[in-house]
Amino acid sequence: GENVEQHPSTLSVQEGDSAVIKCTYSDSASNYFPWYKQELGKRPQLIIDIRSNVGEKKDQRIAVTLNKTAKHFSLHITETQPEDSAVYFCAASRGDYKLSFGAGTTVTVRA
Amino acid sequence: NAGVTQTPKFQVLKTGQSMTLQCAQDMNHEYMSWYRQDPGMGLRLIHYSVGAGITDQGEVPNGYNVSRSTTEDFPLRLLSAAPSQTSVYFCASSRDRANYEQYFGPGTRLTVT
């Protein structure tokens, strides 16, 4: 099955700086790559996703890039704010509904 | 719409007990799934369903059963609880094959002693 690795496991950034989280996947047939944000005690919520026919996607301060050849994708958060502090999960899917998740990155934004 | 709902929010079981975690969605979504979340391991797929009457195993199905008699409901049954099943359980749904976004329920925190 699909194996998704996520790095780093923890990330501390100064408010206003950028944060980058990287994921690699093993199944070359995967074609859908969402990112979820989970605040403490809450449910995961989708923040951005990308499909394999697109190399980059942006939504305000958040962007995701995909390198199909290398089988890795990354989440970029610019101008970080305290409310960006959360656990972020990457995931991959072959488009058959099933998602394989990374282990998560705990992001702390220091004021 | 209430979205995806789960009951109970918290549950404590003794080893060997059985119980059912409830999940319901009111968005007429085709696909529903159950995940468990353990520290440092992300979310792992237990079982999933692509429609009423259709279920299949995910990554970690042992010790759990599911059924999907209606589009709205997807209960998860623990047959004989074990301490290794202590976890947070999330139910999720998505509309169909063209709309992959999965909507998660609020979760059930289960402790097995």
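Proteins get letters first, then strands, A, B, ... in listed order; numbering begins at 1 in each. As the structure is a computational prediction, the values presented were derived from the model and not from experiment.
Neither the backbone nor the side chain of B:V88 has a heavy atom closer than 4.5 Å to any heavy atom of chain A. With a threshold of 4.5 angstrom between heavy atoms, B:L43 approaches chain A through its backbone and through its side chain. Residue A:P44 touches chain B through both its backbone and its side chain, counting heavy-atom pairs closer than 4.5 Å. Looking at B:D96, the atoms closer than 4.5 Å to chain A (heavy atoms on both sides) sit in the backbone and in the side chain alike.
A:V4 and B:L45 fall into different hydrophobic clusters, where Ile, Leu, Val, Met, Phe, Trp and Tyr are joined by side-chain heavy atoms under 4.5 Å apart, directly or via other members. Both B:Y64 and B:V112 belong to a common hydrophobic cluster when Ile, Leu, Val, Met, Phe, Trp and Tyr are linked at side-chain heavy-atom distances under 4.5 angstrom. Both A:L11 and A:F73 belong to a common hydrophobic cluster when Ile, Leu, Val, Met, Phe, Trp and Tyr are linked at side-chain heavy-atom distances under 4.5 angstrom. Residues A:I62 and A:I21 fall within the same hydrophobic cluster, defined by Ile, Leu, Val, Met, Phe, Trp and Tyr side chains chained together at heavy-atom separations under 4.5 Å. Hydrophobic clustering places B:V60 together with B:L21 (ILVMFWY residues linked when any side-chain heavy atoms are closer than 4.5 Å, directly or through intermediates).
When all heavy atoms of A:R43 and B:P106 are compared, the pair lying nearest together is NH2-CB, 3.6 Å. Here the closest heavy-atom approach between residue A:A103 and residue B:G40 is recorded as CB-O, 3.4 Å.
Just one of B:F104, B:Y35, B:F90 meets the ring pair (Phe, Tyr, Trp, His ring centres under 6.0 Å) condition when paired with A:Y36; it is B:F104.
Contact annotation: the side chain of A:L46 never approaches that of B:Q102 to less than 4.5 Å [non-hydrogen atoms, C-beta and beyond]. Residues A:K98 and B:Y31 are in side-chain contact: their nearest non-hydrogen atoms beyond the backbone lie under 4.5 Å apart. Looking at heavy atoms from C-beta onward, A:Q45 lies out of side-chain contact with B:Y103 at the 4.5 angstrom threshold.
Few gaps surround CD on A:Q14; more than 12 heavy atoms of other groups in view lie less than 6.0 Å from it. Residue A:E79 qualifies as open at atom CD: its count of foreign heavy atoms under 6.0 Å is 12 or below.
Here the OG-CZ distance, from A:S100 to B:R44, works out to 12.0 Å after rounding to the nearest 0.5 Å.
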